Amino acid sequence: MRHFPIFRDLRGRRVVVSGATETAVAKLRLILKTEATVTVYGKDPHPQIARWSSEGKLHLIDRPIDRGDAICAALVYGANEDAAEDARAAQIGRDAGALVNIVDNLGDSDFITPAIVDRDPVTVAIGTEGAAPVLARRIKAENEERLSPDLGVLARIGQSFRGEAESLPHGRPRRRFWARFYDEIGPRALTEGGEDAVRAALATLLAEMLNEQTEAGRVALIGAGPGDPELLTLKARRLLHEADVVIYDRLVSPEILELARREAIVIEVGKIPNGPSWKQADINALMVEHAATGAHVARLKSGDPAVFGRLDEEMDALDGAGIAFEIIPGITAAAAAAASIKVSWTRRGRNKSFRLMTGHDVDGFAEHDWRGLAQPGAAAAIYMGVRAARFVQGRLMIHGADPDTPVTAIENASRGDQKIVATTLAGLPDALASAGITGPAILFLGLAPREALDAADSIDTTHIPTAEAL
Ligand code: SAH
């Protein structure tokens with residue numbers, strides 16, 4: 001983002017326009033909406049500018065801008081339809097410490113004027129940094145249609161009621177008050193009885209909500225998926241957007257956190273392998289503490305919360321504190337990783353079962369049914385397996401696994417920096433090291449990427465058993 005959008009206070013400030021041209025008219029239509037004092041310099045003024053001047057809306061000075069004319073100006077516009085004259089005006093503006101805009105010349109301007117949807121005091125400003133004016137116009141048209149013309153009136157009345165509304169507790173109750181006002185009660189009152197009815201409706205709504213019992217807090221244990229925000233469920237997305245407090249694991253991607261409301265309290269409770277970590281007990285306490293104040297807590301866990309996510313400990317803590325919770329399943333890393341290499345977890349004629357394993361448990365490298373896993377056709381996803389790769393390889397070989405068994409590592413599945421390493425059991429640790437795989441990664445035992453399969457031994461359909469044979 002090269003241009004940072006801000007709203008500049010122009011009350012009582014000077015805005016100077018150099019050039020009384022048709023180009024200036026277009027900008028002046030916007031500038032005259034503000035409370036600035038506007039001065040236009042230029043000979044042969046456009047009739048509209050002359051009209052505004054005679055109506056007292058701006059000062060028109062019938063000569064080119066000159067040194068000293070921009071003193072104390074907040075903004076200076078160059079709208080001369082003449083590059084040399086605009087450059088001269090820009091210099092005069094900058095010498096006076098003003099921000100300068102040369103119309104239709106992004107490169108030489110300090111700021112750009114966005115397309116505006118005006119529901120004063122609500123203003124939508126749309127900018128594309130000059131990249132796509134057509135798109136800006138379309139977005140403006142869509143917003144003009146979507147935002148009721150009454151919005152400004154409601155917002156102004158709402159603004160005058162903010163002090164009274166502070167008698168509601170901060171956070172969710174106050175937000176619900178305003179949501180109900182803008183979504184239903186305000187628009188209805190305005191249509192039925194005008195502005196006075198809106199004021200009365202606000203007072204009634206406030207009294208009603210002050211009498212309500214405080215709402216109980218709750219926790220949603222949400223699967224945030226493997227990283228790509230498009231792989232979130234709609235429910236996860238909605239609950240995240242509604243949450244007052246978001247507590248998230250290190251592997252939850254920044255793009256997903258963007259979906260939380262700006263006012264939400266957002267807390268990372270990362271557990272870095274072999275690094276500084278939040279203790280599970282502290283995470284549990286944090287959830288309980290926030291939910292106990294009535295907050296809606298979104299506890300975001302990467303992938304699916306029920307896969308190597310210490311979900312049970314969190315559920316036990318919530319039950320223990322009497323806090324209601326629900327679980328929103330997510331796409332587990334192994335599902336995303338399988339999609340990335342275009343293989344299925346199970347396939348007729350190849351494997352009838354598929355295991356989800358961890359490379360690590362509380363005691364270090366995790367032990368498993370190595371004999372079963374060493375059998376031809378066995379297939380598994382190993383989570384947290386990168387550092388355990390040599391251990392896994394050793395155990396499987398001892399139990400007679402074929403050294404040529406395919407193993408595929410998928411690091412950062414579904415993310416922009418995803419990496420795929422296709423190797424064999426014999427080559428596993430070296431392949432991971434030379435590809436620089438440090439995780440988070442899934443190791444697929446017994447599964448090769450579809451392309452590798454096509455190249456090596458394309459699927460022989462005669463060996464796939466029919467439904468009856470199974
Ligand atoms: N609940 C999570 C797993 C948490 S354990 C899930 O269902 O996916 C953390 C491990 O998940 C990591 O060590 C890694 O093995 C795996 N993982 C998480 N995100 C991943 C991703 N985007 N790509 C590959 N592996 C990932």
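For ligands, and for the atoms within them, numbers begin at 1 and follow the listed sequence. All heavy atoms count here, side chains included; hydrogens, waters and symmetry mates do not. Residues: numbered from 1 along the sequence shown. All values reported here derive from a predicted model rather than from experimental measurement.
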Check your understanding: Looking only at heavy atoms, is any part of A333 under 4.0 Å from ligand 1, and if so is it the side chain, the backbone, or both, or is it neither?
Key -> both
Revision key, fill the gap. Among non-hydrogen protein atoms, atom 22 (N) of ligand 1 lies closest to P226 O, 2.9 Å
Review point. Looking at K33 and D118, does any basic side-chain N land under 4.0 Å from a carboxylate oxygen?
Key: yes
Revision key, fill the gap. Ranked by distance from atom 21 (C) of ligand 1, the top protein heavy atom is A413 N, 3.5 Å
Check your understanding: Relative to W345, does R355 satisfy both conditions: NZ or CZ under 6.0 angstrom from the six-membered ring centre, and within 45 degrees of the ring's axis?
Key -> no
Practice item. Determine whether the side chain, the backbone, both or neither of R415 has a heavy atom under 4.0 Å from any heavy atom of ligand 1. Key: side chain
Exercise for review: Give a yes or no on whether the backbone of K140 and the side-chain of E144 come within a donor-acceptor separation of less than 3.5 Å.
Suggested key: no
**Study point:** 4.0 Å heavy-atom contact, S414 with ligand 1
**Key:** no
Review point. Backbone, side chain, both or neither: what part of I442 comes under 4.0 angstrom of ligand 1, heavy atoms only?
Key: both
Review point. How far is atom 13 (O) of ligand 1 from its nearest protein heavy atom, and which residue and atom is that?
Key: M384 CG, 3.1 Å
Review point. Is the F177 ring parallel, tilted or perpendicular to the F161 ring (thresholds 30°, 60°)?
Key: parallel
Check your understanding: Does A337 come within less than 4.0 angstrom of ligand 1, counting non-hydrogen atoms of the residue?
Key -> no
